[in-house]
Amino acid sequence: MTARSAGNTAHAPATGTRQATARRRQQAEELCAAAVRALGADPEVHFRGGRPYRGRRPLPVHAPHARVSPEDGDFASRRGAADAVALRLRGSDARLHAEVCPTDDPAARLVFELLEQFRTEAGAPAPLTGVRANLRHRFTRWSEECARSGLTETARGLLLFTVAHVARSRITGEPVPAHAEDLIEATRAALAPLTGHDLAALRRHRADQRAFAPYALSLARTVAALLASADPGPGTEAGDPPDEDDVSSFAALLALDSDEPAEETPTAVSGRSRVLDGDPGGYRVFTTAYDREGPAAASVRPELLREYRARLDRRIADQGVNVPRLARELQLLLATPARDGWDGGQEAGHIDGRRLPQLITSPAERRLFRTERTTPVADALVTFLLDCSGSMKEHAESVAMLVDVLARALDQAGAACEVLGFTTGAWNGGRARRDWLRAGRPPHPGRLNERRHLVFKDAATPWRRARRGIAALLKPDLYREGIDGEAVEWARARAASRPASRKILFVVSDGSPMDTATHLANDRHYLDHHLREAVTSRHDDTEIHGLGVSLDLSPYYRRSRILNLTQDTGNGMFREVLGLISG
């Protein structure tokens, strides 16, 4: 065996391990999300990077034991955290909670949030014994992590640790975990005279959030006062109230999310063009003399293209995407039954005339029928139209990985796939703008740049032969400006020439159409107005979807999703695409 082949062999198990780990993580997130949607009665919840989201916003998780890291391989612990989130959604009135939750003291808020979480967990339906077991397992794991983290080595940390265990035990009726019994015993005895009345009331009112809240608030204030008077340790005066930084030092316990809504994903800015509205001739192009269309790979040196392909292959291997599974899912979404002959010798179905003589020769013979045979066929064309404007350069590798894997999976599923791109041949208008200047700057010239349309993979070329061409997406100087409307029309025209029963167009972009020369010579909404017209025109049956790179493209595309390429795993991006295909 050569040194090179030995190195490849050594690398293969590591890659396989990463892929298996990524698959297990994805499956765990999918199962947890399904459990939260079912138990929490919220169909919009999903997980991304180990964190729950409702639609496009992350869900705040206030109770620290309801969080797990994405790398945590303990599935029961992940399920317990998911069940805790679901029960909070199911059993807590967020508006009422916001009205009564203390915001002036971080310690009081922490305790109040914990008590409300324990109240909702106590409301787990009795038949769901697995949910209760998951919650108990997760709390125990979190408790052990707190003890190992050194939280209980200070007076304030031990006080909070004890309150969490005692309150959960009283509200849910479950015993304190065995490993914590001795640790909290002395502190629990000291707390009893101060908190006993409130704890008893919390148990009585655990089914009524409004009646529960005053006692939870009273207990939270009591604990906050005790924390302020506890020995804080070196470097601080006893009696100083714990500020936000002090409370945050209990990292294993005090991981609070903000109640403020997460910042919305920005939305593409769109408007109507006065120039287009006032022009009976519609959208104009000043000159097509410099427009170009052709394979992107032709503009990249072969050696550089091989380097790009190797770099892309490494990125895909690190993502651990299960391509055969993705292909099966795509086939299920895209396939339609097609006739594939007949199966004879059946006991039911259509009478098979060729077997009628058997009625005479073998009167007992019953296999005289035939049934029509069907097979699933993915008679579909999926086109990816990629914005190759300058701002997309930083996302080039992630986008290339996305479309490369999908093109390969579609190939295995039996569907046709095209990968196209659009940019301009120059910045600020190039030769087209120079011609306009020589012509005396006539008003409202329309599109004023050199349009460039790129083919990374055409529908007739299988992925194996086109894979090097897709790697041309990594060439930095392809990315200039974007004229989206004409690109959508071009991609639709190519799709219309193909004999597929279903045609789907994905437009991947991170912004509104932008060409400086065209905007200055017309108005700022000239190109995005035309894009909306190109998307909404009904001259063919192509389904058009928008995939916004950290941007909401809904002003242009009725069906769109947001791709957060800085946070999503590769599998998360594919889920978004499959969701659009499935409708």
Nearest-0.5 Å distance, CD1 of residue I562 to OG of residue S550: 8.5 Å

For S143 and H165, run side chain to side chain donor-acceptor pair (under 3.5 Å): C-alpha distance rounded to whole Å, both residues' side-chain angles, the deciding distance at 0.1 Å, then the answer. CA-CA 9 Å; S143 174; H165 284 76; 2.7 Å; yes

Are the side chain of S92 and the backbone N or O of A94 linked by a donor-acceptor pair below 3.5 Å? no

Please evaluate residues S398 and R315 with respect to the criterion side chain to side chain donor-acceptor pair (under 3.5 Å), reporting the C-alpha separation (whole Å), side-chain torsions for both, the decisive distance (0.1 Å), and the verdict. CA-CA 8 Å; S398 296; R315 171 68 183 271; 3.0 Å; yes

To the nearest 0.5 Å, atom CG of L381 lies from atom CZ of R502 at 11.5 Å

Please determine whether a side-chain nitrogen of the Lys or Arg among E113 and R109 lies less than 4.0 Å from a carboxylate oxygen of the Asp or Glu. yes

Closest non-hydrogen atoms of A66 and V85, given as atom of the first, atom of the second and distance, are O-CG2, 4.2 Å

Before accepting this row, confirm whether a basic side-chain N of the pair D318/R314 lies closer than 4.0 Å to the acidic partner's carboxylate O. no

side-chain contact (heavy atoms from CB on, under 4.5 Å) test vs I316 passes for just one of D404, L402, V323, V321, namely D404

Where does the angle between the aromatic ring planes of H205 and Y215 fall among parallel (under 30°), tilted (30 to 60°) and perpendicular (over 60°)? parallel

Could you walk me through whether H137 and S77 pass the side chain to side chain donor-acceptor pair (under 3.5 Å) check? CA-CA 6 Å; H137 175 84; S77 195; 4.9 Å; no

Whether R188 and E181 form a salt bridge (side-chain N of Lys/Arg under 4.0 Å from carboxylate O of Asp/Glu) is what I want to check. yes

OG/S509 to CG/L563 distance, rounded to the nearest 0.5 angstrom? 11.0 Å

Please name the pair of heavy atoms, one in L578 and one in L330, separated by the smallest distance, quoted to 0.1 Å. CD2-CD2, 3.4 Å

When you measure from the centre of the six-membered ring of F139, is the NZ or CZ of R168 under 6.0 Å away and within 45° of the axis? yes

Please determine whether side chain to side chain donor-acceptor pair (under 3.5 Å) holds for the pair H65 and E121, giving the CA-CA distance in whole Å, both sets of side-chain angles, and the decisive distance to 0.1 Å. CA-CA 12 Å; H65 67 280; E121 292 179 15; 2.7 Å; yes

Quick one: closest heavy-atom pair of A167 and L199, and the distance? CA-CD2, 3.9 Å

Spacing of L227 atom CG and L159 atom CG [to the nearest 0.5 Å]: 4.5 Å

Just wondering, more than 12 heavy atoms not from D208 lying within 6.0 Å of its CG? yes

Report the distance from atom CG of L580 to atom CZ of R559, rounding to the nearest 0.5 Å. 8.5 Å

Okay, side chain of R119, backbone of R206: is any donor-acceptor separation there less than 3.5 Å? yes

Between R221 and D104, is the closest basic N to carboxylate O distance under 4.0 Å? yes

Examine distances only and state if a side-chain atom of R37 and a backbone atom of P43 form a donor-acceptor pair shorter than 3.5 Å. no

For S560 versus D552, what's the shortest heavy-atom pair and its separation? OG-OD1, 4.1 Å

Are the side chain of D379 and the backbone N or O of S501 linked by a donor-acceptor pair below 3.5 Å? yes

In Å and rounded to the nearest 0.5 Å, what is the CD to CD distance from Q209 to E116? 4.5 Å

Do D411 side-chain atoms and A407 backbone N/O form a donor-acceptor pair below 3.5 Å? no

